S.K.: 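One structure follows; several queries about it will come next.
Within every chain, numbering begins at 1; the chains are lettered A, B, ... in the order of the sequence lines, protein sequences first and strands thereafter. Quick caveat: nothing in here was measured; it's all calculated off a predicted structure.
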Amino acid sequence: MSEDNLIHVTDQDFEAEVLKSDLPCLVDFWAPWCGPCKAIGPVVTELAAEFAGKVRIAKMNVDESPATPGKYGIRAIPTLILFKGGEVLDQVTGAVGKAQLAAMLEKA
Amino acid sequence: MGGGPGGLTAGLYAARARLDTLLIDKGAAGGQVLRTDWIDNYPGFPDGISGFELADKMIAQARRFGLQPTLGEVVSMELRGETKKLYLADNKHLKAKTVIIATGASPNKLNVPGEAELTGKGVSYCATCDGPFYRDMDVAVVGGGNTAVQEAVYLTKFVKTVTIIHRRDELRAAPIIQEAAFQNKQVSFICESEVVGIEGTTEVTGVRIKHANGEEEFKPFQGVFVLVGVSPNNWMLPKELALDNGFITTDGMMRSNISGVMAVGDIRADSIRQVISAAGDGAVAEKTAEQYLEHLQQNMRIVMERKKCSSK
């Protein structure tokens with residue numbers, strides 16, 4: 001599936017792309033060495049396509065961008081945080097199913 | 001159903017047999033092996049191999065013969081009769097003549113106060129995923145089996161100290177894994193003790209431990225890795241399927257009690273829960289599936305021939 005709807009954010013552009021986003025934004029905090037992150041990857045890509053125009057879906061590599069996960073107290077990955085208006089609306093840790101993530105996005 | 005080593009091997013064999021095969025998983029294929037730091041007992045890799053890399057290789061190998069792992073979350077199934085139906089979370093369903101169930105198992109929780117609230121904030125179920133977040137910290141590993149002891153040693157790459165907290169007076173882990181832990185100066189043990197609570201508000205500050213003599217004690221830790229075995233991923237299985245303690249019972253051909261339905265790997269009752277045995281199960285189950293399909297076809301041919309005779 002195409003990753004067209006997925007954005008990749010870093011410590012540098014997190015504020016502009018996520019906190020100041022007009023749309024709610026789900027950020028998937030992941031790392032290349034994390035198995036469950038890899039497992040959930042295609043689910044996030046599918047959600048990005050299905051929620052295009054409603055929720056922005058972003059991925060942040062915690063290896064390359066350690067400051068933001070530190071700020072949000074992330075000590076387990078994958079952690080997916082849903083931001084709205086710069087605030088944390090909801091979050092989930094672990095390779096949860098697509099239905100659970102979709103339900104979380106519906107609330108945004 | 002399920003893309004761990006059991007499902008991938010069954011898929012590989014089925015693809016090579018040119019059966020019309022779908023491998024379905026709720027995420028990317030790989031299974032529990034994706035969260036195993038290092039595998040030293042899978043033959044063919046004399047120096048061992050990382051779980052991540054082994055999963056990648058298995059997926060690549062199955063893909064080479066045309067197997068397409070597909071994303072989908074099976075929520076219920078109808079397995080009786082010649083056409084099996086798998087119902088998906090998005091209200092679609094799949095039909096198959098035969099089903100190999102390889103849904104595996106998931107890490108157990110301790111089910112103690114503080115655990116759910118602090119998951120992701122110091123409580124972890126995956127050392128390979130989260131070890132790097134605990135650089136130079138003091139962490140606890142709860143459990144005494146292979147996974148707990150092996151991952152405790154793995155964590156010493158990052159953390160200052162690891163304390164293994166185990167309910168029994170001796171570890172259940174394989175001797176060679178225990179040796180590595182005993183030799184590692186960063187690993188210490190608290191045995192015959194149970195974690196009864198995890199403390200902290202915004203992040204883990206420590207655990208409450210109950211010793212064998214009934215005394216309770218608080219021990220400070222910045223991280224708690226819960227590695228206390230696994231439970232079968234069986235919530236989508238229909239009640240007609242015979243289980244033993246939640247795991248699917250099979251015969252030596254991997255056949256369940258329902259005709260045309262096989263089970264492999266960690267979801268299977270007699271599994272020794274190893275990558276190699278899951279892969280072996282997968283190969284056996286695919287051969288059984290082939291025989292079952294041939295049998296179905298033969299029956300159909302007989303019916304058709306009978307029809308031909310009667311129409312004359």
S.K.: With a 4.5 Å cut-off on heavy-atom pairs, point out which of B:Ala29, B:Gly72, B:Gly27, B:Cys129 contacts chain A the most.
M.R.: B:Cys129

S.K.: Using a 4.5 Å heavy-atom cutoff, which residues in residues 8-24 of chain A come close to chain B?
M.R.: none

S.K.: Go through chain A and chain B and list any donor-acceptor pairs closer than 3.5 Å, backbone and side chains both.
M.R.:
unit_1	atom_1	unit_2	atom_2	d
A:Lys38	NZ	B:Asp56	OD1	2.4
A:Ala39	O	B:Ala28	N	2.6
A:Arg75	N	B:Gly120	O	3.2
A:Arg75	O	B:Tyr134	OH	3.3
A:Arg75	NH1	B:Gln222	O	2.7
A:Arg75	NH2	B:Gln222	O	3.4
A:Ile77	N	B:Asp130	OD1	2.8
A:Ala95	O	B:Lys26	NZ	3.1
A:Lys98	N	B:Glu73	OE1	3.3
A:Ala99	N	B:Glu73	OE1	3.3

S.K.: Heavy-atom pairs under 4.5 Å with chain A - which of B:Gly51, B:Gly120, B:Ala55 has more of them than the others?
M.R.: B:Gly120

S.K.: For chain B, find which of A:Gly41, A:Pro36, A:Ala102, A:Cys37 contributes the most heavy-atom pairs closer than 4.5 angstrom.
M.R.: A:Pro36

S.K.: Given heavy-atom pairs under 4.5 angstrom as the criterion, report whether the side chain, backbone, both or neither of A:Ala31 touches chain B.
M.R.: neither

S.K.: What part of A:Val92 gets within 4.5 angstrom of chain B, counting heavy atoms only: side chain, backbone, both, or neither?
M.R.: neither

S.K.: Among A:Cys34, A:Pro66, A:Ala39, which residue forms the greatest number of heavy-atom pairs with chain B at distances under 4.5 Å?
M.R.: A:Ala39

S.K.: Mind ranking A:Val62, A:Val43, A:Ile40 by heavy-atom pairs under 4.5 Å with chain B and telling me who comes out on top?
M.R.: A:Val43

